[in-house]
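Heads up, the thing below is written out as C-alpha cells.
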Amino acid sequence: MKIIGGPFSSVPIKKGYDLLSANNRNLYLVGSGRIALYVILLSILQEYKANGVLWLPAYYCDMGWHIASNLGYVVKYYPVIYKDCQYNIKLSTISKGDVILYLNYYGFSQNQLMDEINKYKKKGCIIIEDITQSLLSNNKSNFADYYFASIRKWTGVFTGGLVYGKGLDKYTNQKVNFELVNHNKSFFDDYQNYLITGEGNRNYYSSCFYKAELMIDSNYEKLAMYQPDMELVKEWDIELVISKRIQNAEYLISNIKNKDILMFNEIKKGDVPFFLPVYLEDRDSVCRFLDSYDIYCSVLWERPTGCQAECNLYENEFGLVCDERYSLDDMKHISDIINGIIN
C-alpha cells in the first residue's frame, strides 16, 4: 500500500530552469536550516552591539534554544495563541537591541502577526524571519534583517538550507558534512521504494532520519551544502510544487465536512501550504487512526526547553499532507477517512 506522508526522498526537476539565477548576492546556500540559524546568530554577536537576548515564539522547535544558548544568548519566549484562523502573539518587556525570531506558520498569510513584529523592528530590535514553512509563499516580510529556511523540509536533498542577510559571507565556508551525505545515500533509494509500495520497516527508516538529524546537530562548523544537492535545487520544479500543493490543499478544504477543525479555511493569493493545519481536542487518537491507514500526519514540535510562555497548540495541532507527491485521489482518501471519524 502507498505511504502518505514522511520525509522526502527525491526532487522534481525542470530542466533548463534555474531557481537561483536571480537571487541576491546576500543569499547563501548552507547545509541545513539549523546551520543557517547558527550562521545568523553568530553574525549578530560579532556585527551588532546586541544585548545577547533572543526572543523565540512559544510555538517553535527546540533547536532554536539549543543553538542560541550554546552561543551564549539568553533565550526568552513570547506567547503564541491560535484563535479564529489567526496566530496571535504577545510581545512585552522587549528592549532595543534584542533579537526576535518569528515565522508565518504553515505558509499561510499572517498579516496581524507580521504587523506586530514590525513595531519592534521600528523600535530597534533585530528581526530574524524563519521562512522554512513559507519558503515558496509570497507572504514574507520586507523588513527582517535576516531570513533563513530548511530546504530539506520541502524536497529530497541530502543537505540543504538557505540564509539571507548582509555580511554573512565571512561566516560561511566550503566544508561539507560528508558523514551526513554518505549516511543519507545509504538508505534514500530503499526509502523511496518504501513510500511507493509500503514494503519495508517504517521504524528502520525513522531511525535513519533521526540519526541524520543527530549528525547535523553534532557539527555546525561543516556549513556547506553538498554540490550535487545545489545542482538539484537550482533545477527544482517549484512551479509544479506550488501548483500541486495549492490544488491538494484546496481539495481538502472543500471536502472535509467539519470546517471547524481547519485552522485556515481558504488559501489566499501568494500562500503555498507547507501542510494543511488542523486543530482537534482529540488530536492524538485521530493521528493514530490515520496512521493505521498509512497516512502519517505532521505533529510539528514538542514544547521547547525552558518555555513557560502561553501556547495552546502543542497538544491540539497537526498538519495534513498536501504536497506534490500525492494526487487528488490521495486527498480524497484522506478526507473520506477524516469525514468518517469526525462529525
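Not measured: the values here are computed from a predicted model.
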How far apart are the C-alpha atoms of I13 and D237, what are their side-chain angles, what is the distance that settles it, and do they pass the side-chain contact (heavy atoms from CB on, under 4.5 Å) test? CA-CA 5 Å; I13 294 297; D237 190 352; 5.9 Å; no
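- Here the side chain of S32 pairs no donor or acceptor atom with the backbone of G160 at under 3.5 angstrom.
- Hydrophobic clustering places Y120 together with I44 (ILVMFWY residues linked when any side-chain heavy atoms are closer than 4.5 Å, directly or through intermediates).
- Side chains of F274 and Y105 form no contact here, defined as non-hydrogen atoms less than 4.5 Å apart.
- With sequence neighbours excluded, the residues satisfying salt bridge (Lys or Arg N to Asp or Glu O under 4.0 Å) with D336 are K332.
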Are N139 and D271 close enough, and set up right, to give a side-chain hydrogen bond (donor to acceptor under 3.5 Å, both in side chains), and what steps lead you there? CA-CA 7 Å; N139 54 28; D271 291 353; 3.0 Å; yes
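- Taking CG of L101 as the reference point, atom OH of Y77 lies at 10.5 Å (rounded to 0.5 Å).
- Between the S43 side chain and the V39 main chain, no donor and acceptor come within less than 3.5 Å of each other.
- Under the 3.5 Å distance criterion, with hydrogens and angles disregarded, no donor-acceptor pair is assigned to the side chains of N203 and S206.
- In this structure, the separation between CD1 on I295 and CD1 on I334 is 5.0 Å, given to the nearest 0.5 Å.
- Counting only N and O atoms by type, the side chains of Q112 and E116 include no donor and acceptor under 3.5 Å apart.
- Heavy-atom minimum distance, F289 versus I341: CE2-CG2, 3.4 Å.
- N316 has its side chain out of reach of L280: every pair of non-hydrogen atoms, C-beta onward, lies at least 4.5 Å apart.
- One hydrophobic cluster holds both L29 and L168 under the rule that ILVMFWY side chains link at heavy-atom gaps under 4.5 Å.
- The backbone N or O of L300 sits nowhere less than 3.5 Å from a side-chain atom of Y314 that would complete a donor-acceptor pair.
- The backbone N or O of Y251 sits nowhere less than 3.5 Å from a side-chain atom of S254 that would complete a donor-acceptor pair.
- For the atom pair OG1 of T159 and CE of M230, the computed distance is 7.5 Å after rounding to the nearest 0.5 Å.
- In this structure, Y78 OH and L56 CG are separated by 7.5 Å, a value rounded to the nearest 0.5 Å.
- Contact check for Q110 versus Q86: side-chain heavy atoms found under the 4.5 Å cut-off.
- Here the CG-OH distance, from D98 to Y73, works out to 11.0 Å after rounding to the nearest 0.5 Å.
- Heavy atoms only, all atoms of each residue included: G5 and L195 are closest at O-CD2, 3.8 Å.
- Salt bridge status for E239 with K14: present, with a side-chain N to carboxylate O gap under 4.0 Å.
- A donor-acceptor pair shorter than 3.5 Å can be found between the side chains of D62 and H66.
- Residue M63 is grouped with residue I151 when hydrophobic side chains (ILVMFWY) are merged at heavy-atom distances under 4.5 angstrom, including chains of intermediate members.
- Ring-centre distance between Y194 and Y205: below the 6.0 Å cut-off.
- For F187 and Y204, the distance between ring centers is not under 6.0 angstrom.
- Residues M331 and L240 fall into different hydrophobic clusters, defined by Ile, Leu, Val, Met, Phe, Trp and Tyr side chains chained together at heavy-atom separations under 4.5 Å.
- Looking at heavy atoms from C-beta onward, P273 lies in side-chain contact with F108 at the 4.5 angstrom threshold.
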The test is side-chain contact (heavy atoms from CB on, under 4.5 Å); show your working for W154 and R245 and say whether it passes. CA-CA 11 Å; W154 283 84; R245 282 177 176 266; 3.3 Å; yes
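- Across every non-hydrogen atom of D323 and N248, the tightest pair is O-ND2, 3.1 Å.
- Both tests do not hold together for R152 against F158: distance to the six-membered ring centre under 6.0 Å, angle to the ring axis within 45°.
- You'll find the ring centres of Y82 and Y59 outside the 6.0 Å limit.
- Using modelled atom types, one side-chain atom of K259 and one backbone atom of I253 make a donor-acceptor pair closer than 3.5 Å.
- Taking every heavy atom of both residues into account, P79 and A309 meet most closely at N-CB, 3.9 Å.
- In summary, the side chains of D294 and Y296 do present a donor paired with an acceptor at a separation below 3.5 Å, with no hydrogens or angles considered.
- A salt bridge links D330 with K2: at least one charged nitrogen is closer than 4.0 Å to a carboxylate oxygen.
- Between the side chains of Y220 and D217, at least one donor-acceptor pair of N or O atoms lies under 3.5 Å.
- Across every non-hydrogen atom of C85 and N265, the tightest pair is SG-ND2, 4.0 Å.
- Proximity of K185 to Y226: side-chain heavy atoms (C-beta onward) are separated by under 4.5 Å at one or more points.
- The pair R283-E317 does not count as a salt bridge, with every side-chain nitrogen at least 4.0 angstrom from each carboxylate oxygen.
- For E310 and K90, the salt-bridge test passes: some basic side-chain N is under 4.0 Å from an acidic carboxylate O.
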When the side chains of residues 124-134 are checked against the rest of the protein, which donor-acceptor pairs come out under 3.5 Å, sequence neighbours left out?
| from | atom 1 | to | atom 2 | distance (Å) |
| --- | --- | --- | --- | --- |
| E129 | OE1 | Y102 | OH | 3.0 |
| E129 | OE1 | S141 | N | 3.2 |
| E129 | OE1 | S141 | OG | 2.6 |
| D130 | OD1 | T132 | N | 2.9 |
| D130 | OD1 | T132 | OG1 | 2.8 |
| D130 | OD2 | Y60 | OH | 2.7 |
| T132 | OG1 | S150 | N | 3.0 |
| Q133 | OE1 | Y106 | N | 2.5 |

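- Contact record, F318 with C287: CG-SG, 3.7 Å, taken as the closest heavy-atom pair.
- The CG atom of L45 sits 12.5 Å away from atom CD1 of I40, with the distance rounded to the nearest 0.5 Å.
- Judged by distance alone, with hydrogens and angles left aside, the side-chain atoms of N339 form a donor-acceptor pair with the main-chain N or O of S335 at under 3.5 Å.
- Using a 4.5 Å heavy-atom cutoff, the side chains of R202 and D291 are in contact.
- With a 4.5 Å cut-off on side-chain heavy atoms, L71 and L42 count as touching.
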Determine, step by step, whether M215 and H183 satisfy the side-chain contact (heavy atoms from CB on, under 4.5 Å) criterion, reporting the C-alpha distance in whole Å, the side-chain angles of both residues, the deciding distance to 0.1 Å, and the verdict. CA-CA 9 Å; M215 288 179 177; H183 169 70; 3.7 Å; yes
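- Both I267 and L135 are assigned to one and the same hydrophobic cluster, defined by single-linkage of ILVMFWY side chains at heavy-atom distances under 4.5 Å.
- A donor-acceptor pair is defined here as one N or O able to donate and one able to accept, closer than 3.5 Å; no such pair exists between the side chain of Y147 and the backbone of L162.
- Counted within 6.0 Å of CG on D189, heavy atoms from surrounding residues, nucleotides or ligands total 12 or fewer; the atom is thus considered open.
- Residues V80 and L113 form no side-chain contact, since every pair of their non-hydrogen atoms from C-beta on lies 4.5 Å or further apart.
- Judged purely by atom type and a 3.5 angstrom limit, D282 has no side-chain atom pairing as donor or acceptor with the backbone of S285.
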Residues Y279, I261; criterion side-chain contact (heavy atoms from CB on, under 4.5 Å); working and verdict: CA-CA 5 Å; Y279 192 92; I261 71 172; over 6 Å; no
